[in-house]
Amino acid sequence: MDQNLSQLVEDLTTSGEPQLNPEKMKELKKMCKSSDEHISHVYHLLMTQLNQEHAEIRFSAFQIVDELFSRSHQFRMLIISNFQEFLELTVETDFEQPLPPPMEVAKKLKKAAIQSVQDWHGKYGEAYKKLSLGYHFLKQNKKVDFQDVTARTLAERRREEQRQSRLENIYKEKVKTAEKEMEEMSQEIQAVLTEMKNCFHLLMPDPFDFALNDAEFEPTTHAKEDRPTSSASEQPVDHQPSFLGHTDDEQPCCSKDLPSISRCPKIDRTVGLPADPQEEADNKAAPNDEDYETFVRSHGLGSHKYTLSLEVSPAIQVHENEDNAAIINTISDAHKLISSKFLPSVQTWIQLFTRAGLRDDRLRRAIDLKSQLEATLQKYNKMNIDSKGRIRKVMKASDDEDDDEFVEVPEKEGYEPHIPDHLRKEYGLEPRSPPKALGRGAVARPSALSSRSQPRRSEEELDPTSAAATLKLIRDKLPKLPPLNTSATGNSEPAASGEPDNKKRKLEEEKAKAPIVPFGLDLYYWGQDQPTAGKILKFSSQHRFWAPNETEEEVENKEVAEMLKSRYITFAGKFEPVAHRCQAPMPDGRLCDRQDRFKCPFHGKIVPRDESGKPVNPEDRAREEKERFEKQAQQPEWQDPEFMREVEAATGVDLGSSRYDRKRKGGTKKGKKKKYPKLTDLKQQANTSRSRLEKKVFNKEAVKRVVSAMNRMDQKKHEKFANQFNYALN
Amino acid sequence: MLGFISARQVGLDDPLRLRRAESTQRVLSLELNKDRDVERIHGSGVNTLDIEPIEGRYMLSGGSDGVIVLYDLENLSRKPSYTCKAICTVNHPDVHRFSVETVQWYPHDTGMFTSSSFNKTLKIWDTNTLQPADVFNFEATVYSHHMSPVATKHCLIAVGTKSPKVQLCDLKSGSCSHILQGHRQEVLAVAWSPRYEYILATASADSGVKLWDVRRASGCLLSLDQHNGEKSKASSEAANTAHNGRVNGLCFTSDGLHLLTTGTDDRMRLWNSSTGENTLVNYGKVCNESRKGLQFTISRGCSPEFVFVPYDSTIAIYTVYSGELITVLKGHYSTVDCCVFQPNFQELYSGGRDCNILAWVPALREPVPDDDTEKQCLNPAYEDAWSGSDDEG
């Protein structure tokens, strides 16, 4: 019976399920009902299970306790006699004994336990003193709010508060710095904003103050405001500024507007917007009937059926030209500044302020700044400033600048026989004729200089400081020498061309055949006889009296002599890729694909095999057969590991299947069957990459190793600098 | 019991004998009784308790929030269940601002009590007006004070503070009259001998316990040695030690012949108070982690005397002279700091850090169940509630 009871409790508590198995529970209750002894036995069993370091076990045990508590006075007495421990194990009253993992179940357990304690107190509170004491203890000391569903205890709340206050402090600091930053930056931002605003004004005047200021804006106006009515003109509209002042109606294409449009005559022509004749039909003119005639007449229109349609391109395009280049430059700079610097920082401020829970002026100011910046950016985007040309131009400009500024001038000192073509002008020389001509004519002489610059050159030559004078001097000094190396080589070629053709071809063929070898000493002394080759000179003592008895002044060393004339050529043969495969059959039925030359690391010596992987040679086959036989002898056929494992699982007797497993798989497979497969595996949960690394890093052996290595290093340092007192000291 | 009564009736026994037997019997059956409750006043841990020795009716308690409460323990309602009412609570601005460490009644009268606190003061209170009659100020926090229960020739209060000097305050002059020097660290507990009015015991964090004759202020009378002089001779240490940790509890037996000390080395030792000899009674481990003074008590009028010691969150009862653990009273949910014995009714009151003051009352003898009808009058909460049919379980 006792066996049965403990088995039942164990089954119930290790099920790992959130609900108890009702049948087993019923059985347990029946047993408990039968005798008080069983109850105390169950109580002890349950307390052991409650002490397990697994929240699921505790939770199930607690559920059983809850069931029995409401039923048996005896059980109540037992539980209440040890109520402190019970609370520690279920409600986590002792913070040095937190509830075990898994976390979610632990939370559930705590919640359920608090709920139950409250219920029990309501039911049995006045009868059991310690129960009510425990209840009050939870309520007043642990500050468990029984209404609070999350059931946080005081310490948790305090922890939370501490975290909160720490965060707040951090935020406060951050807000302070951000505020300072904002103070500093907001002026800058305002300056940039005004700058940009002014630039916008310059590029596109506001239609409202246009009438007043049109004279001023006339020259710079290239586009119009982005309102729907304003038509964007691609061309400058210098001569028609007043038009902009009128066109702020909502429906530009409606014939209702005709009268108003009529105020500015010849609109199509001036604005350059084509009237679409196709839309004539659907746009009915609907003026007042009385006006009809007068209207037609006064405007010199043939009929009233004209429709004027203005095509408004929704996108404005601002083109760059010389007039507004500076402005656009400024704008784009400001835009870059805003989008890359100001806007992100303003956003971070706002984020910071909101996170810090700030609701005052600072936040408002930051938001204002942000909206201003965003509006400006939007405006900029709407303007569609055509900056492609600009960029190109800028690029070009910068290239030019580079060329201008960073020319590498070769160092020159006096004589400079070769002057690059593009520099000749600089030296006051006349551009040389192409090298070809030079080569052919072989007359790179003063006479080759073109006559055009002759007078000027002669003038310059008179000036001793000029390069031309120096050149002249040189030329005069070396009259016979060809002035340029290039021309010299060019000259030699045609001279050789006079030899017979066939000989030359033969030479070519030989050349093609001859191996190319790296240059060496043997080539250096090719065909020469070296008088001193291989001779080692020994200098006799320079001392007046102390001369060695017999000194061979010269020693001939044949090897050295040989060395100067010989050449070692290593011939390793050619690399031959391996064409064959191992082809040994593998357990999964495939053939081994390894391409080793002689020996496969897995299947031994490579022997020729057929398609099924069997060796072709009979002796190989016999050898393999033998090996397999030996292996089988090691592990009898009937001890199939799989089968054995099954048998073990069924009978519970260890037949040693794990032995073969280990041998075969290197012990990688988990050996032990889990005791309670239904419970959440805590080890699995704890098996994170971090814990694995920890195991490795904080392994005792590893630590010892590191320590010893570091000690050794220290030791070395000491040995090295032992004589220096400051090293000796530490 | 009946035998004792009849023997008493016929005059065979000394009247004391019946009393002793009965009170021992009652002490052994102490339990947490649902009928006796102490009103819950303290909002934080209870540090100290004291029952006035005259009637044994009023109890003082000092909390770690500086509140002093006065309870009436007497049940005059003629009903079994009784909640000890707090007659008054001293928490007006005159009271201590920090934790009250010790309260003590004036031994000869309920008109006065004393309290000392971490705010470096010792206050003398007039019970009837609940106004402080006198205040002694010290330079360090006060751990403990004690007034001699038997003194007739002096009116000294011994005060143990954070400084190693024990101070004696004279109530007659209202000033500190003596300073006893000898300890090297803070003094956690002081106790006057209930036998000789000039003998004082002090316990310190330097693990020493000293006995003083206050008439001779130049030095201590005895310094208790746990090894009875055997080991300390060999060791180079000059000072005798009573424990291997801080000594934080002192209690004389009611006859004053023996002294009990507790220390943070989880030991309790019994000393002969006249010779200063360690009696080597082994009480086993007495868990003690208190950093302050610990208040424990000894029963009075039982035939083996019992000592009640706070043991973590329980109270352990040992026999004093044999060191046998009788029982463990479980009821507090946090560390117990003090307990006090009411000798007239053999009741025990204990205060702990869970803010509770628990009354441990002798269990009444179980009435012999005559028939089944008696069972029904029990509290319905005690009944089992197994569901009837097996199907429901």
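Note on naming: letters A, B, ... go to the chains in the order of the sequence lines (proteins, then strands), and numbering restarts at 1 for each one.
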Next item on the list: Using a cut-off of 6.0 Å, state whether more than 12 heavy atoms not belonging to A:E694 lie near its atom CD.
Entry: yes
Next item on the list: Check the angle between the aromatic planes of A:F83 and B:Y333 and answer parallel, tilted or perpendicular using the 30° and 60° thresholds.
Entry: perpendicular
Checklist line | Engaged part of B:R40 at the chain A interface, taking heavy atoms whose separation is under 4.5 Å | finding: side chain
Note to self: For the OG atom of B:S313 and the CD atom of A:E88, what is their distance to the nearest 0.5 Å?
What the structure shows: 7.5 Å
Note to self: Tell me the closest heavy-atom pair linking B:K330 and A:Q84, and the distance in Å.
What the structure shows: C-NE2, 4.0 Å
Check: Could you walk me through whether B:L32 and A:L133 pass the side-chain contact (heavy atoms from CB on, under 4.5 Å) check?
Finding: CA-CA 11 Å; B:L32 199 60; A:L133 279 177; 3.6 Å; yes
Margin query: Checking A:D119 now: which residues fulfil salt bridge (charged side-chain N to carboxylate O under 4.0 Å, His left out) with it, not counting sequence neighbours?
Written below: none
Notebook entry, point to check: Which answer fits A:I80, side chain, backbone, both or neither, if we ask what part of it has an atom under 4.5 Å from a heavy atom of chain B?
Noted result: neither
Margin query: Using heavy-atom distances under 4.5 Å, tell me whether B:N356 contacts chain A through its side chain, its backbone, both, or neither.
Written below: side chain
Next item on the list: Tell me, please, which residues at least two apart from B:S299 pass side-chain contact (heavy atoms from CB on, under 4.5 Å).
Entry: B:C302, B:E305, B:F306, B:F308, B:F341
Next item on the list: Decide yes or no on side-chain contact (heavy atoms from CB on, under 4.5 Å) for B:D37 and A:K129, but give the supporting numbers first.
Entry: CA-CA 9 Å; B:D37 229 335; A:K129 180 99 188 263; 3.4 Å; yes
